[in-house]
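To start, the structure under review is shown below, and the notes come after it.
Proteins come first, then strands; the chains are lettered A, B, ... in the order of their sequence lines, and each starts at number 1.
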Protein chains: 2
Amino acid sequence: MRISEAAAISGLGIDTIRYYEKSGIVPCIDRGSDGQRRFTPENIDWLTLLYWLRQTGMPLKTMRRFATLYAQGGQTVPARKAVLMAHAEQLAKRREELDRCEVVLAHKLAIYEEFEKGTP
Amino acid sequence: MRISEAAAISGLGIDTIRYYEKSGIVPCIDRGSDGQRRFTPENIDWLTLLYWLRQTGMPLKTMRRFATLYAQGGQTVPARKAVLMAHAEQLAKRREELDRCEVVLAHKLAIYEEFEKGTP
DNA sequence: TACCAACCTGAAGCTACATCAGGTCAAGAT
DNA sequence: ATCTTGACCTGATGTAGCTTCAGGTTGGTA
């Protein structure tokens with residue numbers, strides 16, 4: 001599979017995929033005899049996971065750690081689990097922030113509506 | 001009120017407040033005779049709102065638009081309301097992304113646990 | 001009077017991409 | 001056989017949103 005298809009499926013942009021490879025967080029992408037990247041289904045899974053991790057704010061540094069662990073094989077599964085669980089906690093915090101922001105917004109909007117009632 | 005207190009209350013950093021002022025998204029901060037910033041309660045409210053908007057991903061460009069509207073007085077209240085409501089929609093989308101990411105993470109974690117059972 | 005903390009400015013540094021310039025290569029149209 | 005088109009390549013530069021740094025005032029305290 002070529003890079004454009006990989007981008008379409010994973011959700012990442014073409015440039016982002018190249019950037020991620022250069023940054024060392026996408027281990028071993030094959031190249032065809034033409035020198036162009038060929039993506040395996042395993043690659044696609046990996047990119048898709050990266051997409052979701054980025055989408056929810058995981059820094060590249062952490063992704064790099066995760067990728068390094070992945071490259072070291074099966075005995076790093078507990079460590080990888082720990083990384084993902086830590087990120088899941090981050091998600092919970094984000095959710096709290098969303099909640100609080102929604103409260104703030106609702107409050108502001110209520111004030112605006114009050115104001116509009118006052119000056120029709 | 002000085003900048004350090006303003007930072008502590010609003011949640012923003014001192015440097016971020018200065019940066020926001022320079023970027024034109026915090027209208028009219030007074031200065032004392034010593035040339036240092038003095039913050040009114042109104043300023044603090046504004047900064048706190050900015051804190052929450054930033055925390056949930058509103059771009060500076062949008063904040064700038066919002067600030068410009070604010071500076072133009074009461075007749076822009078409907079426009080400001082629209083900005084905040086658009087942002088509230090963004091929040092809903094973020095929440096969906098969080099949900100989906102949690103599903104992906106839970107799936108990965110389940111696979112890891114399966115793996116650990118298999119190779120104890 | 002000497003010093004320390006808190007403030008100031010302008011400039012440079014950083015992260016995580018996005019975009020651009022300039023070039024390769026294969027496949028179909030002329 | 002050549003020409004064009006489109007997808008890909010690399011390396012460099014640009015952008016957003018801060019953050020940190022260098023170097024310079026104040027204002028209160030010992």
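Look at B/Arg80 and A/Glu116 and you find no salt bridge, because none of the NZ, NE, NH1 or NH2 atoms lies under 4.0 Å from a carboxylate O. Taking 4.0 Å as the cut-off between side-chain N and carboxylate O, B/Arg95 and A/Asp99 count as a salt-bridged pair. Salt bridge B/Lys108/A/Asp45: absent, no basic N to carboxylate O contact under 4.0 Å.
Side chains of A/Arg2 and A/Gln36: a donor on one and an acceptor on the other come within 3.5 Å. Side-chain polar atoms of B/His87 and B/Thr56 form a donor-acceptor pair below 3.5 angstrom.
For B/Asp15 and B/Lys61, each mapped to the nucleotide of DNA chain D holding its nearest heavy atom, the one lying further toward the 5' end belongs to B/Lys61.
Within the 3.5 Å criterion, the main-chain N or O of A/Arg64 finds a donor-acceptor partner in the side chain of A/Thr68.
B/Arg64 has its CZ atom 10 Å from the C1' atom of D/dA16, to the nearest Å. Per the geometry, CD belonging to B/Glu21 stands 17 Å off P belonging to D/dT19, to the nearest Å. What separates CD1 of A/Ile17 from P of C/dC17 is a distance of 12 Å, to the nearest Å. Atom CE in B/Met63 sits roughly 11 Å away from atom C1' in D/dC18 (whole-Å rounding). The distance between atom CG of A/Leu12 and atom C1' of C/dA16, rounded to the nearest whole Å, is 12 Å. The distance between atom OH of B/Tyr19 and atom C1' of D/dT20, rounded to the nearest whole Å, is 14 Å. Taking atom NZ of residue B/Lys22 and atom C1' of nucleotide D/dC18, one finds them 11 Å apart after rounding to whole Å. Distance, A/Ile3 CD1 to C/dA18 P: 13 Å, rounded to whole Å.
Closest to the A/Arg18 side chain, of the nucleotides C/dT19, C/dC7, D/dC8, is D/dC8. Residue B/Leu60 places its side chain closer to D/dG17 than to any other of D/dG17, D/dT19, C/dC7. Closest to the side chain of B/Arg54, from the set D/dC9, C/dC8, D/dC18, is D/dC18. Taking every side-chain heavy atom of B/Arg31 into account, C/dC8 is the closest of C/dA16, C/dC8, D/dC8. Among the nucleotides C/dC17, D/dG17, D/dC8, the one closest to the side chain of A/Ile14 is D/dC8.
Heavy atoms only, all atoms of each residue included: A/Leu47 and A/Ala6 are closest at CD1-CB, 4.4 Å. Taking both residues in full, the closest heavy atoms of A/Met63 and A/Ile25 are given as SD-CD1, 3.9 Å, listed atom of the first, atom of the second, then distance.
At least one side-chain nitrogen or oxygen of B/Ser4 sits closer than 4.0 Å to the OP1 or OP2 atom of C/dC7. Dashed line: the shortest gap from a side-chain N or O of A/Thr16 to OP1 or OP2 of C/dA16 is not under 4.0 Å. Checking the phosphate oxygens (OP1, OP2) of C/dA16, no side-chain nitrogen or oxygen of A/Tyr20 falls inside 4.0 Å.
Residues from residues 33-52 of chain B placing a heavy atom under 4.0 Å of any atom in DNA chain D, listed by number, are B/Asp34.
Contact annotation for A/Arg2: backbone-only contact, meaning every heavy-atom pair under 4.0 Å involves sugar-phosphate atoms and none involves a base.
For an aromatic pair to be called close, the ring centres must be under 6.0 Å apart, and B/Tyr20 with B/Trp46 fails this.
For the helix from C/dT1-D/dA30 to C/dT30-D/dA1, the rotation axes defined at the first and last 5 base pairs enclose an angle of 20°, given to the nearest 10°.
Applying the side chain to side chain contact (heavy atoms under 4.5 Å, CB included) rule to A/Ile111 yields the partners A/His107; only residues at least two apart in sequence or on another chain are considered.
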